[in-house]
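Let me begin by presenting the structure, written as structure tokens, before commenting on it.
These values consider heavy atoms only, across backbone and side chains, with no hydrogens, waters or symmetry-generated copies. Residue numbering restarts at 1 for every chain, and letters A, B, ... go by the order of the sequence lines. From a predicted model like this one, the values you see are computed outputs, not experimental measurements.
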Amino acid sequence: EEPSLLKKLLLAPANS
Amino acid sequence: VITKDQQAFMNVILDAYNRHQIPPDVAKKLLQEQYSAEENFLLLTEMATSQVQVLVEFTKHIPGFLSLDHEDQIALLKGSAVEASFLRSAQVFSSKMPNGHTEVLEERIRKSGISEEFMTPMFNFYKTIGELHMVEEEQALLTAITIMTPDRPYVKDQQAVERLQEPMLDVLRKLCALHHPHEPQYFARLLGRLTELRTLNHYHAEMLTSWRMNDHKFTPLLCEIWDVQ
């Protein structure tokens with residue numbers, strides 16, 4: 001299943 | 001009176017709101033010369049994609065959001081992306097832009113293949129947002145409140161979302177009383193915009209179907225957040 005772009009954005013560390 | 005904790009809570013949201021904006025080099029393209037419908041459509045698609053990226057980064061800083069169930073996080077983003085993006089673009093559209101820019105932007109939007117029946121409610125919404133003269137804190141909180149709306153499709157734990165939205169509504173109510181003392185209805189007027197946004201969301205869904213009919217291309221991120229195959 002194509003990896004979700006949204007999931008990737010959400011999992012990327014929130015740049016402080 | 002806004003408590004110290006509420007002030008700190010609001011500053012977190014306002015700080016994230018200010019820090020996550022469409023990058024200037026992307027926004028600058030809106031003022032470029034080309035004017036064909038295709039170029040305008042491509043440009044607006046690029047803006048919408050950038051807006052979604054900005055929205056996700058902003059949302060990650062909303063207190064409590066990252067503690068929600070992962071699937072609910074996705075459901076909230078998908079459910080609110082269109083409304084939150086229109087709210088933000090309305091705020092940009094009505095903010096003090098160098099003279100002439102608003103007209104250039106409006107012209108570009110009018111000439112991008114978007115149907116008239118959608119543009120009228122959209123520009124009306126931009127006008128009503130402009131007339132409200134919201135302060136920055138109100139804009140940031142209203143955007144966060146739009147995203148943290150419990151009754152979006154596929155949200156499983158609506159109470160958890162409600163518990164996060166409640167404190168934002170409380171602070172917004174106090175802010176409205178503080179910044180608009182002569183307008184006791186101001187808070188209600190802000191919430192009324194959320195209803196108007198739901199209508200825009202409905203129009204947008206219809207517009208998407210018509211665009212898909214004549215095979216418009218969207219970026220992968222927009223396809224995902226708009227649930228377009």
Original post:
Side-chain contact, heavy-atom cut-off 4.5 Å: B/His70 with A/Leu10?
Top reply: no

Subject >> Enclosure of A/Lys7 NZ (heavy-atom neighbours >12, cutoff 6.0 Å) >> reply: no

Original post:
Is a donor on one side and an acceptor on the other found under 3.5 Å between the side chain of B/Lys60 and the backbone of A/Leu9?
Top reply: yes

Subject >> Contact origin within B/Leu221 toward chain A - heavy atom pairs under 4.5 Å >> reply: both

Subject >> Atom OH of B/Tyr203: over 12 foreign heavy atoms under 6.0 Å >> reply: no

